[in-house]
Structures are given as C-alpha cells and as structure tokens.
Undergrad: 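A single structure is presented below for examination.
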Protein chains: 2
Amino acid sequence: MRRDVFQAIADPTRRAIITLIALQAMTPNAIAENFHTTRQAISKHLRILTECEVVKQEQRGREIYYQLEAGKLKEMDIWIEQFRKIWEAKFDQLDKVLSTMKKQKK
Amino acid sequence: MRRDVFQAIADPTRRAIITLIALQAMTPNAIAENFHTTRQAISKHLRILTECEVVKQEQRGREIYYQLEAGKLKEMDIWIEQFRKIWEAKFDQLDKVLSTMKKQKK
DNA sequence: TATTTGAGAAACCGATTGGTTGCAAATATA
DNA sequence: TATATTTGCAACCAATCGGTTTCTCAAATA
C-alpha cells in the first residue's frame, strides 16, 4: 500500500501520537494508556506511521520505543510553503486597509 | 460529517485541485479537464474542500468559480510549527558534526 | 419557446479505514 | 522451567471514501 505523510497525519489519533512522542520515545503500551482505544488499535496506527517514516522504532529487550522522525514532517512544510506567500499577501492587504483606516481617523 | 483541513489535503487529487486554483479561481468543468476523472468526482472533492473552508464558491450566472482560501491552510502550518524546532535542532546538530569534521580535516 | 450547457444530488459499488477480539512469538521474571 | 508481560499479526466488522452513472434544476442561447 502506498502511503504518504499527508495520509499519516489525516487521522486525529495519529496526530495525537505524534505530539505525544515528540519529546521522548515511548512504547506502544505507554502510548495506548493515553487513548480510549485498545493497544492493538494504537499498534496499527504506529505501523502506518512507521511505513510513512514519520516514526522510527528502537527495540530494547522485548520493548519497542517509538520515536518521532520530525524531518519527515518537513515534506508537508515544503508543500504548504507555496501557499504561505498567498495568505501572507492577504494579510499585507489587510495591513494596508488598517493603516488607511488609521490615517483617516487622524 | 466532521471534516478538517488535514483530511481535506490527505487526498492527492484534492491537493492538485488546491494547487490548480491557487492563482486563479476556476469552474468545476475547467478543473475537471485537468484530471482523468468525471466532473462529478471533482464536484465531490470540491464539496469536501468547501465544507472544510479550504475553498470558497463564487456564483457567476450558472457558473460557479472556486477560489482558494489560503488562510485555512495556515491551521496546518500552525500545527507543524511545533515540530519545526525539532527538525531544525536536528540540522543544527548535523552542522556541528560537519564543522567538527572540517576542523579535523585541517 | 425549445434546446443546450453547467452544476449539484442521489443511488450504487468496490476498496479502504479504524476499530474490535483472539492468537502467536519473544523476552523477562518467579 | 513455568508463568507473566510486551508486542505484532490475522480475521472480522461497520462506516467511510473515491469513483461511476443517472437524474434534476437553473441559466444561457438558438
């Protein structure tokens, strides 16, 4: 199955997992404690995140620590980049309007 | 149905539509010409994009022009923002490693 | 007025999703 | 060694997705 970062972060649970493990790596069990689903459901999400390389595994004994691969999120950032100019331009226009209003007030 | 921006951009066709109409508003027919699907399928995507407020309609006679609401994409940008520090930190570390290697070479 | 054109809505379809329960394998511990 | 713990995997299920075809409606045009 072909997956990408955009699909990976489409699910709210997956986004929550990403935020959760952003600062320190965690095991599936520890992660699952933070959600109202079964451990297996979390395991599935982790599999998807791993396939998309948004997350990295590190085996330690029988435990597996999942760690965020923040760099992969940069791909999204690059896609959004092209639209940043547009919404910033919009705000520039708003600035102009606001400063015009200010001048008129004076 | 509860939808959000993240679901909106999860589909590649939808992302392509967004890029397509970023610079100028377009009608469903005009948009559909750029894809290998029916106009109705595009119409469905436009409905989802409209529900998520990523896109705005402007009726002109019997034609409807779809226009990008770039500001909505900013929501995603804000979510990614929190991870930007992390991947930038990673690259800072890489910089250190590289400069150390450079010094050793000298 | 009759006809063509642009667009959304509805019904349907196969594939995918996110969840569940039950199981098997490997490691840790008594 | 026997048992408990951590994890992934398979099978199943209802809901949703992305697509199609068919239909209706409103606006433009002959």
Side-chain angles (χ1 to χ4, degrees), chain A residues 1-21 24-69 72 76 79, chain B residues 1-21 24-69 72 76 79:
Chain A
M1 201 154 306
R2 261 270 142 270
R3 296 196 207 268
D4 56 41
V5 197
F6 295 94
Q7 276 187 7
I9 62 139
D11 183 79
T13 305
R14 237 130 54 201
R15 283 201 301 281
I17 292 176
I18 290 172
T19 306
L20 195 60
I21 65 170
Q24 87 244 16
M26 291 174 75
T27 64
N29 262 327
I31 294 168
E33 279 171 13
N34 295 274
F35 298 93
H36 298 200
T37 43
T38 58
R39 179 192 52 81
Q40 285 90 334
I42 299 296
S43 220
K44 272 186 155 188
H45 284 304
L46 287 170
R47 201 165 79 89
I48 291 168
L49 289 170
T50 307
E51 281 172 7
C52 300
E53 295 175 298
V54 172
V55 138
K56 204 171 53 181
Q57 299 178 331
E58 194 198 328
Q59 189 104 27
R60 215 178 304 168
R62 72 180 157 187
E63 290 178 330
I64 299 175
Y65 282 81
Y66 283 86
Q67 188 185 353
L68 182 63
E69 285 256 49
K72 200 68 183 184
M76 290 191 39
W79 186 78
Chain B
M1 200 155 307
R2 262 270 142 272
R3 297 196 206 267
D4 56 41
V5 196
F6 295 94
Q7 277 186 8
I9 62 139
D11 183 79
T13 305
R14 237 130 54 199
R15 283 201 301 281
I17 292 176
I18 289 173
T19 307
L20 194 60
I21 65 170
Q24 86 245 16
M26 291 174 76
T27 64
N29 261 325
I31 295 168
E33 278 171 14
N34 296 274
F35 298 91
H36 298 196
T37 44
T38 59
R39 178 191 54 80
Q40 285 88 336
I42 299 296
S43 221
K44 273 186 156 190
H45 284 304
L46 287 171
R47 202 164 78 89
I48 291 168
L49 290 171
T50 306
E51 282 172 7
C52 300
E53 296 175 293
V54 173
V55 138
K56 203 170 53 179
Q57 298 178 329
E58 194 198 330
Q59 189 103 29
R60 217 180 300 169
R62 71 177 160 190
E63 290 179 329
I64 299 175
Y65 283 82
Y66 284 86
Q67 189 186 352
L68 181 62
E69 284 255 49
K72 200 69 182 181
M76 290 191 41
W79 186 79

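Just so we're on the same page: letters track the sequence lines, and every chain starts at 1. All values below come from the heavy atoms of this structure, side chains included, with hydrogens, waters and symmetry mates left out.
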Undergrad: Please identify each residue that fulfils ring pair (Phe, Tyr, Trp, His ring centres under 6.0 Å) with A:Tyr66, with sequence neighbours left out.
TA: none
Undergrad: Which whole-number value in Å describes the distance from A:Glu58 CD to D:dT6 P?
TA: 18 Å
Undergrad: Roughly how many Å is it from OH in B:Tyr65 to C1' in C:dG8, rounded to a whole number?
TA: 17 Å
Undergrad: How far does OG1 of B:Thr50 sit from CD1 of B:Ile64, to the nearest 0.5 angstrom?
TA: 9.0 Å
Undergrad: Can you see if the side chain of A:Thr38 gets near the phosphate of C:dT20 - specifically, an N or O under 4.0 Å from OP1 or OP2?
TA: yes
Undergrad: Checking A:Arg47 now: which residues fulfil side-chain hydrogen bond (donor to acceptor under 3.5 Å, both in side chains) with it, not counting sequence neighbours?
TA: A:Glu51
Undergrad: How would you list, by chain and number, every residue that makes a salt bridge (charged side-chain N to carboxylate O under 4.0 Å, His left out) with B:Glu63, sequence neighbours excluded?
TA: none
Undergrad: Restricting to non-hydrogen atoms, name the atom on B:Arg39 and the atom on B:Asn29 that form the minimum distance, rounded to 0.1 Å.
TA: CD-OD1, 3.2 Å
Undergrad: Within the pair B:Thr37 and D:dG18, is there a side-chain N or O less than 4.0 Å away from OP1 or OP2?
TA: no
Undergrad: Can you name the side-chain hydrogen bond (donor to acceptor under 3.5 Å, both in side chains) partners of A:Glu33, sequence neighbours left out?
TA: none
Undergrad: Select one nucleotide: of C:dT17, D:dT6, D:dC17, the one nearest the side-chain heavy atoms of A:Arg3.
TA: C:dT17
Undergrad: Which protein N or O atoms sit under 3.5 Å from an N or O of nucleotides 28-30 of chain C?
TA:
none

Undergrad: Identify all side-chain donor-acceptor contacts of residues 11-18 of chain A below 3.5 Å with residues at least two apart in sequence or on another chain.
TA:
residue	atom	partner	partner atom	Å
A:Asp11	OD2	A:Thr13	N	3.0
A:Asp11	OD2	A:Arg14	N	3.1
A:Arg14	NE	A:Ala8	O	2.9
A:Arg14	NH1	A:His45	ND1	3.1
A:Arg14	NH2	A:Gln7	O	3.1
A:Arg15	NH1	A:Ile9	O	2.8
A:Arg15	NH1	A:Ala10	O	3.3

Undergrad: What residues form a side chain to side chain contact (heavy atoms under 4.5 Å, CB included) with A:Gln67, not counting sequence neighbours?
TA: A:Ala25, A:Lys56, A:Glu58
Undergrad: Restricting to side-chain hydrogen bond (donor to acceptor under 3.5 Å, both in side chains), what partner residues turn up for A:Glu53, sequence neighbours left out?
TA: A:Lys72
Undergrad: According to side-chain hydrogen bond (donor to acceptor under 3.5 Å, both in side chains), who are the partners of A:Lys44, at least two apart in sequence or on a separate chain?
TA: none
Undergrad: How many whole angstroms separate atom CG of A:Leu49 from atom P of C:dT17?
TA: 13 Å
Undergrad: Taking only N and O in the side chain of A:His45, is any of them less than 4.0 Å away from OP1 or OP2 of C:dT17?
TA: no
Undergrad: Evaluate B:Ile21 against B:Tyr65 for side chain to side chain contact (heavy atoms under 4.5 Å, CB included), listing each step before the verdict.
TA: CA-CA 10 Å; B:Ile21 65 170; B:Tyr65 283 82; over 6 Å; no
Undergrad: I need the minimum non-hydrogen distance between A:Val54 and A:Leu68, along with the two atoms involved.
TA: O-CD1, 3.3 Å
Undergrad: Enumerate all atom pairs, one protein N or O and one N or O from nucleotides 8-10 of chain D, separated by less than 3.5 Å.
TA:
residue	atom	partner	partner atom	Å
D:dG8	OP1	A:Tyr66	OH	2.3
D:dG8	OP2	A:Ser43	OG	2.7
D:dG8	N7	A:Arg39	NH1	3.1
D:dG8	O6	A:Arg39	NH2	3.1

Undergrad: Rounded to the Å, how far apart are A:Asp11 CG and D:dC17 C1'?
TA: 14 Å
Undergrad: Got a sec? Which of residues 29-36 of chain A come in under 4.0 Å of DNA chain D, heavy atoms?
TA: A:Asn29
Undergrad: Whole Å only: how far is the CD1 atom of A:Ile42 from the C1' atom of C:dG19?
TA: 11 Å
Undergrad: Please report, rounded to the nearest Å, how far the C1' atom of C:dG18 is from the CD atom of A:Gln7.
TA: 13 Å
Undergrad: Rounding to an integer number of Å, can you tell me how far A:Asp4 CG sits from C:dT17 C1'?
TA: 15 Å
Undergrad: How many Å lie between CD1 on A:Ile9 and C1' on C:dT17, as a whole number?
TA: 17 Å
